[in-house]
Structure formats: structure tokens, C-alpha cells
Amino acid sequence: MTITAPVVVIGILIALLYIPSIQRSVVDKACREIAAQSGYDIAIGSITLAFPLKLQATDFTMSKNDSVYFRGNSLDANISLTPLLTGKVEVNYVALEELVMNTYSMLPEMSVEGKVGFARVVTRYADLANAIADIRQLHIADSDIRITMADTTIVDDSEPLEWIIKLNRGRIKNSRITFSIPHDTLSATAYIGSLRMDKGSFDIAKTDFALKAIALGGTRIEYDKGNRNATDAPLDHIRIEDIAIRARDMRYAGINDISADITGLTLHQPSGITITDAAVRCTSSNDTLRLHSLRMESRNGSRIYGEAAIPHKAIENPKDEKMTGRLLATVSKPDLAGFITPQLYGELHWFDERMLDASLAFSGNIAKLAIDALALDFPGLGAMNADGYIKNILEFEKCESRIAFNAGLNDIKRFTGAANDSIDGQTTAGGHISYNSGEIAADVALHNASGEIAASGSYSMADTAYTAKVDISRLALA
């Protein structure tokens with residue numbers, strides 16, 4: 001902003017603004033000018049200006065065609081006078097109370113409505129000419145915001161925002177944010193107890209965002225797909241409580257420049273899993289997305305450890321690049337209760353509380369992913385080793401896979417339910433399972449001291465038809 005009027009004239013004009021009648025006249029004229037240029041009607045109930053530039057406004061609204069976009073009870077602002085002469089606005093603070101909003105069609109592809117109970121902004125400066133704001137503190141509390149996505153894409157020809165915002169410290173307390181997509185009945189709500197952000201920068205035009213540290217606590221999230229029969233579809237409604245997250249060095253500047261270091265995460269799902277400790281570190285450079293480490297542990301004893309390297313070209317040009325990864329996991333049966341139906345959970349009675357220990361190593365790309373090694377150990381029941389491949393992962397119609405395995409069962413009597421028969425509990429099995437163009441096929445051979453069985457079969461997903469063949473070479477029964 002260039003200041004062209006002489007400083008003495010500016011001083012006289014500012015002095016006149018402290019006269020209440022002139023304040024009212026200036027405000028009314030400013031509201032008319034805004035309405036003429038923007039099409040939005042501005043109304044202010046009362047306004048006072050104290051020396052040097054302390055502004056108080058009450059009962060203000062912004063509307064258009066009888067639709068109220070913003071309505072607030074009070075606004076307080078303290079603006080430094082001297083920086084105005086250089087085109088900068090240094091705001092000691094801006095405080096809003098009871099701001100009600102509804103953007104209607106103001107924003108492309110979404111609407112935002114709700115209430116901001118309290119908002120306070122303290123800035124170092126705001127450079128209007130260069131669209132830069134340096135904020136010392138941002139505090140939002142007691143708010144309820146609903147974001148609704150449009151059912152159809154709206155073409156927006158308006159100029160994009162080009163502000164660069166620096167944030168020294170931000171905090172949100174006791175607030176709720178709801179996100180919904182009406183056409184598929186999906187909604188998600190976050191109840192934020194406390195969110196703290198330190199040392200942030202946001203370049204809106206370049207989509208370049210960074211935060212030195214973030215801490216979230218006392219938070220609850222609910223996800224709902226609109227299916228009220230949660231017994232049949234337990235994942236259609238999820239409630240997660242007591243969420244706490246600590247993270248540092250967060251950055252996003254496009255797919256080629258990402259970093260995140262989540263040093264701690266805990267949460268509780270009332271009907272299922274409780275995560276007592278988790279950490280994730282990942283980065284994305286010009287050529288590769290790397291999951292340096294993943295660690296997660298639950299109260300019931302489930303554990304996950306993993307790492308992976310995924311070149312961007314392995315997705316964009318899958319025939320030329322290779323991704324690799326490794327995963328170790330322990331699954332505790334009680335942790336599955338909140339993710340599957342009670343009927344299915346009842347079928348897991350065969351398994352011990354420590355249900356599964358697993359390890360997986362893979363390599364390849366989207367065109368062909370090799371399962372280099374898969375090991376599954378079901379304590380007290382048996383173990384399996386396998387390898388194979390999956391082709392065309394993202395194209396279901398062209399997807400093809402084949403898994404070869406060998407396994408040993410410690411106690412096959414768990415499956416027969418006949419604890420007193422003479423079938424030997426020790427059993428080995430081997431064979432392969434394949435999928436190709438909507439057809440699943442399997443060849444399996446079982447052997448124990450009581451006999452040998454060879455079985456093969458196939459199932460057509462399109463025709464819902466299956467074939468099966470069983471050859472029994474020897475079987476001894478009591």
C-alpha cells in the first residue's frame with residue numbers, strides 16, 4: 001500500500017475520527033461503499049474509537065439478498081498508528097465474540113456455517129501490499145463449525161488467495177468441527193479439547209504449509225456413513241475417544257516435499273481397541289516417499305512395526321520402478337471386537353487371545369507386487385509360510401494373483417469339534433490359491449497320521465458358481 005497524502009493531512013483526518021458524530025458518518029459511508037463494490041450489505045449497531053486506534057464495534061452483520069453471512073455481538077481491535085504510514089497494519093489484538101456465520105455459496109464446492117464463541121488474534125504486523133501476516137497468537141474457543149461439501153463440482157473463476165501467514169503460536173479449545181458429504185450420507189465430527197500449534201507458516205497460493213510442533217489432547221472423533229444398523233456394519237459408525245497426538249517438523253509443499261514426525265499418539269475406541277503408544281515418521285522427496293518407521297501398540301497386546309520406500313514413479317510409471325516394504329505385527333483377538341460383527345467374532349473361538357504373529361516383506365510396483373515372504377503364526381494352533389505375487393493391483397477386472405503356501409496345524413481337532421476321536425492333531429498342508437479375472441481357484445493337500453486328502457476347487461464371482469473335487473487316498477477313523 002502506497003501512502004500519497006501528506007502526513008499532516010492524515011493526522012487531521014485521524015483526529016476528526018475521534019468525534020462520535022463523525023465516526024458514525026464515516027462508518028455509514030464506508031458500509032455504503034462496501035455494499036456498492038461488493039454487493040454485500042454491512043450493518044454496525046454501534047462503534048467507538050479511542051486513542052490512538054482502539055476500535056470497538058457491536059451488533060455487526062454482513063448480508064446479501066436477505067441472507068445473513070456473518071453476525072457478531074462484539075469486535076475489539078487495537079491497531080498501532082505508526083506502521084500505517086508504511087503500509088503495514090500492526091494489530092495489538094483483534095477479539096471477536098459470538099460470531100455466527102453461514103457462507104452459503106460464497107466458497108466454491110463447500111459451505112461453512114456455525115458459531116465462533118471466542119476468537120483472539122495478536123499480530124506482529126499485516127503487510128497489505130505484499131499480502132503477508134505475522135501472527136503472534138491465535139486463540140479460538142467454544143466454537144461449533146459445520147463444513148458441508150457440495151454435491152457437484154463448482155467452477156470457480158475468482159482469483160486465488162495469495163496470502164502468506166506466519167503463526168508463532170495458535171490454540172483451539174473446546175470446539176467442534178463437523179464435515180459432511182450429503183449425497184453419500186457421510187459425516188465426521190471432531191470434538192477438540194485442546195489443540196496447540198507452534199511456529200507455523202502457510203503460503204496459501206503455493207499450497208506450502210509447515211508447523212514446527214503440534215499437540216492435540218482431550219479429543220473425540222465420530223465417523224458415520226448414515227447406516228444406522230451398526231450391528232451389520234460396525235465400521236459404518238466409529239467413535240474414537242481420548243485422542244492425544246504429539247508431532248513435530250510437519251510440512252506439506254506438494255507430493256515431492258512432505259515430512260511428518262508423529263512422536264506420540266494414544267486413543268481409545270470404546271467397543272474395541274485402545275492404542276497406548278504409536279509413532280510414525282515419513283518423508284517425501286523429489287523421487288521417493290519413505291515410511292522411515294511405524295510403531296503402534298495396544299492395551300491388549302497388539303503391535304505393528306513397519307517401514308517402506310515407494311518411488312513416485314512406481315505409481316506413475318509402474319513398470320520401471322520398484323517399491324519395498326517390511327511389516328511385523330501381533331494381533332490380539334479382543335482388539336478385533338470393535339471392527340467386526342459379534343457373530344463373526346464368535347467364530348474366532350478357535351484362536352487364543354494372542355491370535356496372530358505375522359511378518360511380511362514385499363517388493364515391486366503397481367503392475368506386479370511380489371510377496372517375497374509371508375509368515376503367519378497362530379499360537380497354539382499352527383503356522384504358515386507363503387510367497388507369491390499380485391498383478392494390476394488398481395484394476396480389479398485385470399487383477400491377477402497367486403499365493404503358494406505350506407502350513408502346519410498343531411491341533412486339527414479344534415476344527416472338527418471331536419476331541420475324543422482318534423484323528424491325529426498334527427497336520428501339514430500345502431498348495432496354492434490364485435485369482436484371475438473374477439475367478440478364485442485353490443489346490444490344497446493335507447497330511448497327518450490318519451490319512452491324506454487332496455482337494456481342489458474354484459469359484460466364479462460373476463456367476464456365483466463353484467466347483468470342487470476331493471481325493472482321499474487314505475483315511476483312518478476310529
Side-chain angles (χ1 to χ4, degrees), residues 235 238 240 243-248 258-269 272-284 288-311 314-315 321-340 344-345 348 350-366 368-390 393 401-411 428-430 432-433:
L235 292 182
I238 298 175
I240 302 175
I243 301 172
I245 299 174
R246 301 185 310 276
R248 62 190 181 189
I258 300 174
S259 65
D261 189 359
I262 300 175
T263 57
L265 183 152
T266 59
L267 58 85
H268 169 62
Q269 186 200 5
I273 193 170
T274 296
I275 302 300
T276 56
D277 187 28
V280 180
R281 180 172 174 263
C282 64
T283 60
S284 179
T288 303
L289 172 65
R290 295 185 184 277
L291 177 63
H292 296 275
S293 62
L294 165 66
R295 184 189 80 252
M296 185 175 71
E297 299 179 0
S298 81
R299 184 174 61 190
N300 291 319
S302 294
R303 297 179 178 86
I304 295 178
Y305 304 94
E307 58 186 33
I310 306 175
I315 299 175
E321 297 291 335
K322 184 178 181 180
M323 55 185 172
T324 59
R326 184 173 66 94
L327 181 70
L328 302 175
T330 296
V331 178
S332 177
K333 189 168 64 173
D335 284 336
L336 301 178
F339 299 96
I340 59 179
L344 182 57
Y345 186 79
L348 301 179
W350 292 331
F351 300 97
D352 293 340
E353 291 292 288
R354 180 171 174 172
M355 180 177 170
L356 170 66
D357 292 315
S359 65
L360 169 67
F362 64 87
S363 62
N365 47 46
I366 300 300
K368 184 177 180 179
L369 184 68
I371 300 174
D372 299 317
L374 173 64
L376 305 175
D377 181 14
F378 301 92
L381 183 60
M384 182 183 79
N385 292 292
D387 57 42
Y389 65 84
I390 305 174
I393 296 174
S401 65
R402 181 181 175 90
I403 304 294
F405 69 91
N406 59 78
L409 295 174
N410 298 331
D411 187 5
T428 60
H432 73 270
I433 301 173

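Note that the structure is a prediction, hence the values are computed from the model and not measured.
A distance of 10.5 Å separates CD in E307 from NE2 in H292, rounded to the nearest 0.5 Å. To the nearest 0.5 Å, atoms CD1 (I433) and CZ (R402) are separated by 10.5 Å. Rounded to the nearest 0.5 Å, atoms CG (L267) and CD1 (I273) are 7.5 Å apart. For the atom pair OG (S363) and NZ (K322), the distance works out to 4.0 Å, reported to the nearest 0.5 Å. Within the model, atoms CG of L356 and CG of D377 stand 8.0 Å from one another, a figure rounded to the nearest 0.5 Å. To the nearest 0.5 Å, the span separating CD1 on I262 from CZ on R248 amounts to 12.0 Å.
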N/O donor to acceptor pairs below 3.5 angstrom from side-chain atoms of residues 330-339, sequence neighbours left out:
unit_1: T330; atom_1: OG1; unit_2: D357; atom_2: OD1; d: 2.8
unit_1: S332; atom_1: OG; unit_2: N300; atom_2: O; d: 3.1
unit_1: K333; atom_1: NZ; unit_2: L348; atom_2: O; d: 3.2
unit_1: K333; atom_1: NZ; unit_2: F351; atom_2: O; d: 2.9
unit_1: D335; atom_1: OD1; unit_2: N300; atom_2: ND2; d: 2.8
unit_1: D335; atom_1: OD2; unit_2: S298; atom_2: OG; d: 2.6
unit_1: D335; atom_1: OD2; unit_2: S302; atom_2: OG; d: 2.6

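Between T428 and N406 there is no side-chain heavy-atom pair separated by less than 4.5 Å. Contact of the I371 side chain with the L360 side chain is registered, since non-hydrogen atoms from C-beta on lie closer than 4.5 Å. Side-chain contact between M323 and L369 is present, with at least one heavy-atom pair separated by less than 4.5 Å. Here the side chains of Y305 and E297 are in contact, with some heavy-atom distance below 4.5 Å.
Here the options are I275, T276, D277, T266, the test is side-chain contact (heavy atoms from CB on, under 4.5 Å), and the partner is R299; only T276 passes.
The two atoms that bring P379 and D352 nearest to each other are O-OD2, 2.7 Å, heavy atoms only. Looking at every heavy atom in both residues, F378 comes nearest to M355 through CD2-O, 3.3 Å. Residues I403 and G388 approach most closely at CD1-CA, 4.2 Å, considering heavy atoms.
Side-chain N or O atoms of N365 include one that pairs as donor or acceptor with a backbone N or O of K368 at under 3.5 Å.
More than 12 heavy atoms of other residues, nucleotides or ligands shown are found within 6.0 angstrom of CZ on R295.
Applying the ring pair (Phe, Tyr, Trp, His ring centres under 6.0 Å) criterion to F362, with sequence neighbours excluded, gives no partner residue.
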